Amino acid sequence: MRFVLRSREPRWLAPASVGVAVLLTLLLTAGPIRMAGSAPVAAFERYVVTPLTTPNGLAEVLLAATPLLFTGLAVAIAFRVGYYNIGAEGQFLAGAMATTAVALSLPDLPTVAALPVGLVAGALGGVAWAFLPAFLRRRAGIDEVVTTLLLNPVAVLLLQGLLNGPWRNPETGFPDSERFGSGYELPSLFGTRVHAGLLLGLVLVAVIAVVLLATPLGVRLRAAGQSPSAAEFSGVPVGLLQWRSALVSGALAGLGGASQVMGVQHQLTGSLAAGYGYTGVVVATLGGLSALGVLAVALLLGDVQVGAQNASIRLQLPSQMGGVLTSVLLLTVVAALSVRHYRLVRRTPRSAEPLRAGGG
Amino acid sequence: MTPADAARGGELSPPRGAPLVELRGITKRFGSLLANDAIDLSVDAGEVLALLGENGAGKSTLTRILYGLSRADAGEIRIAGQPVTVSSPADALAAGVGMVTQEFTLVGPMTVTENLMLAGSPLGRVDRKAARARVLAASERLGVPVDPDAVVERLSVGERQRVEILKALLGDCRVLVLDEPTAVLVPADVELLFASIRRLTAQGMAVVFISHKLHEVVDLADRIGILRRGRLVADLPAEGLDPAAIAALMVGATAAAEVEDEALATAVGLDVGLEGSGPEPTAPAPVADRSRPAALEIHGLTLAGDPRPRVDDVSLTVRAGEIVGVAGVSGNGQTELVALLCGTTPATAGTVHVGGSDVTRLDVAARLRAGLGRLTEDRRGSVVLGLSVEQNLVLEDLDRFRTGPFLSRRRVRAHAESLIERFDIRAAPADPIRSLSGGNMQKVLLARAIERDPTVLVASQPTRGLDVGACEYVYAQLRALREAGSGVLLVSEDLDELIGIADRIVVLSGGRLVGEVAPADATREALGVLMTGGPREPAA
């Protein structure tokens, strides 16, 4: 028996392999949940179903999903053209810091000016953090995986340095910034903690979905990501597209940071470095690098995240179990999606080397 | 102990008269292609056997079988009279057969000694001193000094090849197989290599080498085996043979009769497009042709390379309504020439004009707009395998199918359907292109190139790997393009194809245009001599 690359893929295969991955995840995590002293089926219900049954739970899910929408889109758009931006975390934080800088220096701006200024500052902060790796990749061919990744801890340290230094709260003395002026507060929706950042994220999902699916640029981006040399051969400027996508990716992640400080915290705190950027990689990958996929997965992960808090209170399951669940899901989905390109055939001795070309 | 070890009995050279290596009835089939057809061949100790043949004649397959990289379907290998089973390079080395393939297998950042230790040493303690001594001993045997402590990636190509040979010699090697050893070498290195080979044969080794360069073969070989379409068609002493005679045997002189009359009749494009090199065409160019505009003008085109330019000062003109063939043994600059013309590789020097406008500094998209059509040898590299047939069909012209900012699916679909109809592509527009056969994929690429009505089409190996029907289809399309007034530059290794369809044929060898053959003289022998470097220097 051996694996052979499929020449043709039926349409049902990709969804089916995701289904298999989900089943596999349930099987694999049932053991740990059991060991933690809970019934797996009840736990899964807590994780996935319970948060969706109350209006408050639903709002919390949307709130948890909001930053993931931004970082997920940021990663998806970069990965799609073959630019492996692992730095959404740093770009997210840089965006939040840029917004904070503006909000602290212009505290009295009225809402109508403060919201756009704050958001644009966030986007530019993300672009600034994404610029150096993108530039090094374009000019010197330096691998962006390493540079974007290594800039993440730099952003975290910068955040902590600012909060413990110039931005330390003068009233409380805690390492948090002062609260922003009221002009910088993103309006809340439905009278819940959900804020207008969600709407911004949904608009971006729609725009990016349309660009990817229905414009010449979308086709070029796909071509550039899937086979750079063939795209280059067909006149697609692969390097230029990667450079621009890298900066757009930084802007999206930075907007996420701005949305988070302006919509939820209304100040900059150390808790912002909570791995939204890294989770964005998971969201983009699980979402198949498509905008609608990012939306679906961001909601699912938000759901599980809220469910995990719930389960830790009601079932005394450690709250990390939610992370275990999503991580196992990532592994199984990625594995299933790669395996789907192959089919198993029984080895026949005659065709042992069917692909070796004859040569002279 | 393998049987070969037992047979060897410590003696380096077997008694004279018994061949050191004997191949009997070696047969190898790849699908419908018979790569080796019951080949019987032997090599004596102290003998140099040259294996010759066109591309795809089966030379590499035969040597790969001898070295265990490939298994024969039938046949027997005997070393010093004893039958041996060679199912891997390890078996071959144990039987005393070493090989240097065209691709080197050295680890760049490691030293020569370390590389050789990798090749030979079993598990366990590593004895650097002993290994270094063995390298020195082997280099002594070769007769060329090799620095055992040099880092491989800083060595020249010729030096790296010497390291490869040392690697092959490390075991108790009695038969050395070299696959086109001189293809990558500068002349000085070729002489060193030949001196080493003579030294090794004087010590009783047998050497089998593959080459396309006939004057080298005449210089070095004791015996010559010629393969054609998988069969051994000649096995004769090298003594007294000249390159022209060998070339005739290689390409099969009788095959020249297959020239298509129709092609000859239409072959009137006799213009002197070749500047500065190659013989003058025998017949004066018809006046009508001179007046035709140049579709493609290449002047002094050069691509630097190590150790010598990959494309060397190539000048050529293709006029509207003619097909110019480029002949050559593979690896003589064809791929690079096509890449330079397509715009995927920037030129070191020289200019390219398409339909009168200079495209030398333009990128791919601008070249396409200027009227360049491309059909490269790397079919699967010319399409984006993850996209559908229709997306690939419009990939070069996405902006033409835009309605406002959006790509009009309806117009893309309609365009794809009309091309599928017109070019008889056996696929639906939405099919993933990776599911298409080679012939159908080529039709997609042809459709994409021809639909834009190119001023000139650069086509490289357009029929490689296609079945007869698909080949005919491609020829018909190229002829139709010529009739419509486009120029075609056809790069091919298939001489019959070139003779059959081209209006005139230029020959590329070592990155240079070494000659032009007028259609009336376009015989396989004439091309064969030029391609294999028959005249050592082009008539400049």
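All of these numbers come straight from a predicted model, not from anything done at the bench. Convention: sequence-line order gives letters A, B, ...; per-chain numbering from 1.
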Is the [atom1] atom of [X] crowded by more than 12 outside heavy atoms at less than 6.0 Å?
X	atom1	result
A:Arg244	CZ	no
B:Arg361	CZ	no
B:Arg452	CZ	yes
B:Arg411	CZ	yes

Interface moiety of [X] toward chain A, non-hydrogen atoms closer than 4.5 Å:
X	result
B:Asp363	neither
B:Leu387	both
B:Arg367	neither
B:Arg448	side chain
B:Thr344	side chain

Would you name the heavy atoms of [X] and [Y] that are closest together and state the gap between them?
X	Y	answer
A:Ser234	B:Leu368	O-CD1, 4.1 Å
B:Val384	A:Ala231	CG2-N, 4.3 Å
A:Ala230	B:Ser382	CB-C, 4.2 Å
A:Ala223	B:Leu395	CB-CD1, 4.1 Å
A:Leu213	B:Arg409	O-NH2, 3.1 Å

- prompt: In Å, rounded to the nearest 0.5 Å, how long is the span from CG of B:Leu445 to CZ of A:Phe233?
  reply: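 It is 7.5 Å, given to the nearest 0.5 Å.
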
Gap separating the CZ atom of B:Arg402 from the CG atom of A:Leu217, nearest 0.5 angstrom: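 Spacing of CZ (B:Arg402) from CG (A:Leu217) equals 10.0 Å.
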
- prompt: Side chain of A:Arg220, backbone of B:Leu398: donor and acceptor closer than 3.5 Å?
  reply: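 A pair under 3.5 Å: no.
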
Contact winner vs chain A - B:Leu407, B:Val364, B:Asp378, heavy-atom pairs under 4.5 Å: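 Option with the top pair count is B:Leu407.
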
query: So which of B:Ser408, B:Ala365, B:Gly404, B:Gly386 has the biggest tally of heavy-atom pairs under 4.5 Å with chain A?
result: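 Of the options given, most contacts go to B:Gly386.
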
- request: Select one option (side chain, backbone, both, neither) describing which atoms of A:Val211 are under 4.5 Å from chain B's heavy atoms.
  value: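 Contact with chain B: none, neither part.
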
Scan the side chains in residues 330-338 of chain A for donor-acceptor partners under 3.5 Å anywhere in the protein, sequence neighbours excluded, and list what turns up.
{"unit_1": "A:Thr332", "atom_1": "OG1", "unit_2": "A:Ala21", "atom_2": "O", "d": "3.3"}
{"unit_1": "A:Thr332", "atom_1": "OG1", "unit_2": "A:Thr25", "atom_2": "OG1", "d": "2.9"}
{"unit_1": "A:Thr332", "atom_1": "OG1", "unit_2": "A:Val328", "atom_2": "O", "d": "3.1"}
{"unit_1": "A:Thr332", "atom_1": "OG1", "unit_2": "A:Leu329", "atom_2": "O", "d": "3.0"}
{"unit_1": "A:Ser338", "atom_1": "OG", "unit_2": "A:Val334", "atom_2": "O", "d": "2.6"}

query: Can you pull out the residues in residues 284-297 of chain A with any heavy atom less than 4.5 Å from chain B?
result: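 Result: none.
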
